[in-house]
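Taking it in order: structure first as structure tokens, then the write-up.
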Number of protein chains: 4
Amino acid sequence: MENEKLPRREREKLRQRQEMLSAALDLFSLKGYHNVSMNEVAEKAEFAIGTLYKFFQNKEDLYKALLLQLCDRFEEALTQAISEPDDEIEKLRNYVRVRLERFRANIKIVRLFLAERRGASFNIKAGLDEEIRKRHHIFLHKIASIFETGIGTRKFKRIADPFSLAVALDSTIDAFLLLWLDLPEHHSYPEDPDAILNIFFQGLIDS
Amino acid sequence: MENEKLPRREREKLRQRQEMLSAALDLFSLKGYHNVSMNEVAEKAEFAIGTLYKFFQNKEDLYKALLLQLCDRFEEALTQAISEPDDEIEKLRNYVRVRLERFRANIKIVRLFLAERRGASFNIKAGLDEEIRKRHHIFLHKIASIFETGIGTRKFKRIADPFSLAVALDSTIDAFLLLWLDLPEHHSYPEDPDAILNIFFQGLIDS
Amino acid sequence: MENEKLPRREREKLRQRQEMLSAALDLFSLKGYHNVSMNEVAEKAEFAIGTLYKFFQNKEDLYKALLLQLCDRFEEALTQAISEPDDEIEKLRNYVRVRLERFRANIKIVRLFLAERRGASFNIKAGLDEEIRKRHHIFLHKIASIFETGIGTRKFKRIADPFSLAVALDSTIDAFLLLWLDLPEHHSYPEDPDAILNIFFQGLIDS
Amino acid sequence: MENEKLPRREREKLRQRQEMLSAALDLFSLKGYHNVSMNEVAEKAEFAIGTLYKFFQNKEDLYKALLLQLCDRFEEALTQAISEPDDEIEKLRNYVRVRLERFRANIKIVRLFLAERRGASFNIKAGLDEEIRKRHHIFLHKIASIFETGIGTRKFKRIADPFSLAVALDSTIDAFLLLWLDLPEHHSYPEDPDAILNIFFQGLIDS
DNA sequence: GATGAATGAGGTTTCATTCAT
DNA sequence: AATGAATGAAACCTCATTCAT
């Protein structure tokens, strides 16, 4: 996408970088930051350890780069999801749907993210988690503004302040997904966005 | 509480053990499991490293003991909270209130717990996180049964299945607390249980 | 034996000391000096670790005391064995017989001894092995003097110098016993002293 | 010998490995397995501790590699010694001679070996000593077959079963060498193989 | 530019020994 | 006199990072 017009050398480099990030993702999400060595990452990516260090200053740097890239993709997909429809209810449905889809497609990513978003990772000394939480925060405000608009147009009742609603919805989605992740045999995958949304819509929607 | 009648030696031992666990809690919750050395814990607890190892077989053992103790206390407080009132709505209010109280009193604990409950810790080889999640799960069912009863007595509408409601409420409480934990200056501490409960009650309560 | 007339207190002490040595023997011969901790010894002997240190200054001291005691007993038995008969051939037979008996009765001791006698133990910094080897040496001279006398009385031919004969006989006994110790199922226990002695007697005896 | 045609990198690696083994031999044979730390070995070999661990998985692995290499060399030399001459008496002379030579050249090795061969080492958990004793055993059978053949051709009398003779000869050589090792000033080095062999030959040889 | 061998600080854990009770 | 809890030096081993090739 962003590397269309780059010289061959540069494109090649980006591809290598991506392979390293991909190997890192596999390993980190499987075993956790501290249980993965740089040698392992290099080996999985099929590069020499020295080459890995050419691309990323140190282990922390690799981890940050990985998380921020995932963050970018996630945000992009979700932002698009809430941009497309006009109707607020549809926006929310779309949002939940894309969350569920993304989750299923990138289960490896999820655990990694949650560790950071919940501020429970302790992996990184200097505030990567803070950056990620800030970006999450910004995104929550986007969701909040959907509620806001919906309330303005009398589509929704003001059962709580919009930001709170965004927080509640967002965390509830997470919780359902984690439930399924932990005990896939006991909880069916929440295919239908409305299964979650209804909890809120019952009181929310002004009928 | 449980050590009232023990011989002096035993009481002393328990006190020491508790001091070690306390030091471990401080450090683990501040820096994360992998960024805390056993020497640090021993130093903070003001014991020699060998003494620490007399009480806990190894680092993992210390961590497990710490988490399970916290888990016990948490469960006890919450179970009591939902046992006292008769009314379902009051039970839920009590539950949320105790969650908020406990949280404020034990912020150090929270980060530690979330890491485990979200399955994002990777700290422990053999499924401590699994045990903690299982216990959380059991507790969710207790909350679910409050909703169930409430639905049975027509106090609540069946806007979703009770377990889902429990999950949604539980995760929403977490989310609000974390928000306040991350950005205490931007979000006032959610003193009032109803601020959270209303989101669900609006649709839930059969008026 | 040596504690017959001692006051009760002293006798008790000797008994305790003996129990400690006995526990130490069991453990050292089973697992080797470095793989046995002082706590283990104390526990096996059913004393507190502090008490063990009252009797023996340190681990090395305990080991030395143990080995020297075993050495004493061994020497005593063997010295008696070669004192009793008049005839040189009988002396040697007696010697071999007692070696075999003692061995069978105290297999635990054997490995311990060999480690020291072969100078292959490295367990003790300051020359315990040297002392043991010296005592072994002295004993070898006693055996040598049997050969010497036998040669003097024309009972034996001087097929080699007497000390060499003693060395050869002694080491050969060891070797057979070890063989049986290592592979008891493949090598029958050398019950008959003559089975070993004959190797030497064939050339030795002046017929 | 075996690394003639290897690429430079590989040859270099083998040389380094050999240096480590050599340092380990010096230290182990001087102080014993348990009294030598990996750091010491690394320092003596003039490598970093990490490099040592690149070559040997752990301390036990290093020890095993060392002993088995020594074992190989020893066996090779001795096997050759008994292969060359046709005559059985010459074979035995050659065998004793090479034992004496090897011993003198590699005194450091001897103590190490004896510890293992005598089953008195306790250094290694999983039966390295057993392997070494097995190999020793196999070698004893080779010596036994020399006696066997000699008996078949009436060169020797059947004064004992051939394996017993092998055991006796072998252990007697050890004993003489150890004597000289312990007290070099009192016992002249047994230069002449016949000094030992005569003890057995007197009765053995059919004249 | 890529490589991967070498480094060594720092982690976990053990255990001989002491000393207050 | 006996106890055993407490100590901490020192062992083994890992892995992030560097740098000569």
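This structure is a prediction, so every number in the text was calculated from the model and none was measured. Per chain, numbering begins at 1; letters A, B, ... match sequence-line order. Scope of the values below: all heavy atoms of this structure, side chains included, with no hydrogens, waters or symmetry mates.
- OP1 or OP2 of dT13(E) has not a single side-chain nitrogen or oxygen of Q57(B) nearer than 4.0 Å.
- The separation between E12(B) atom CD and dT21(E) atom C1' is 12 Å, rounded to whole Å.
- Pair check for dA1(F) finds none; no Watson-Crick or G-U wobble contact set falls under 3.5 Å.
- Across the interface with DNA chain E, nearest-nucleotide mapping of G50(B) and G50(D) shows G50(D) to be the residue nearer the 5′ end.
- For the pair L52(D) CG and dA5(E) P, the computed distance is 16 Å after rounding to whole Å.
- As rounded to whole Å, 12 Å separates atom P of dC15(E) from atom OH of Y53(C).
- Summarising the geometry, the separation between CZ on F56(D) and P on dA6(E) is reported as 12 Å, rounded to the nearest angstrom.
- Across every strand in view, dT7(E) sits in a pair with dA16(F) that passes the Watson-Crick or G-U test at under 3.5 angstrom.
- With salt bridges taken as basic N to acidic carboxylate O contacts below 4.0 Å, one links R15(A) and E12(A).
- Of the candidate nucleotides dA16(F), dT7(E), dG4(F), dT7(E) has the atom lying nearest to any side-chain atom of F47(D).
- Rounded to an integer number of Å, the gap from CD of E10(A) to P of dG1(E) is 11 Å.
- Between E131(A) and K64(A) no salt bridge is recorded (no basic side-chain N to carboxylate O distance below 4.0 Å).
- With distances taken from any side-chain atom of S37(C) to the nucleotides dT7(E), dA16(E), dA2(F), the minimum falls on dA16(E).
- The CZ atom of F55(B) sits 12.5 Å away from the CG atom of D61(B) when rounded to the nearest 0.5 Å.
- In the set dT17(E), dT17(F), dG11(E), dT17(F) carries the atom at the smallest distance from any side-chain atom of N39(A).
- In this structure, I49(C) places its CD1 atom 9 Å from C1' of dG4(F), rounding to the nearest Å.
- V36(C) comes within 4.0 angstrom of the backbone, heavy atoms only, and of no base.
- If you take NZ of K54(A) and C1' of dT17(F), they are 12 Å apart, rounded to a whole angstrom.
- The aromatic rings of F28(D) and Y63(D) sit perpendicular to each other, their planes meeting at more than 60°, with 30° as the lower class boundary.
- Of the inter-residue distances, the one linking K44(B) atom NZ with D26(B) atom CG reads 4.5 Å to the nearest 0.5 angstrom.
- Between dC12(F), dT17(F), dT3(F), one nucleotide has an atom nearer to the side chain of A48(C) than all others, and that is dT3(F).
- With distances taken from any side-chain atom of M38(C) to the nucleotides dT17(F), dA16(E), dC13(F), the minimum falls on dA16(E).
- For the pair R15(C) CZ and dA2(F) P, the computed distance is 12 Å after rounding to whole Å.
- A close approach under 4.0 Å does occur between a side-chain nitrogen or oxygen of Q16(D) and OP1 or OP2 of dA6(E).
- Note on T51(D): every side-chain N or O is 4.0 Å or more away from OP1 and OP2 of dA5(E).
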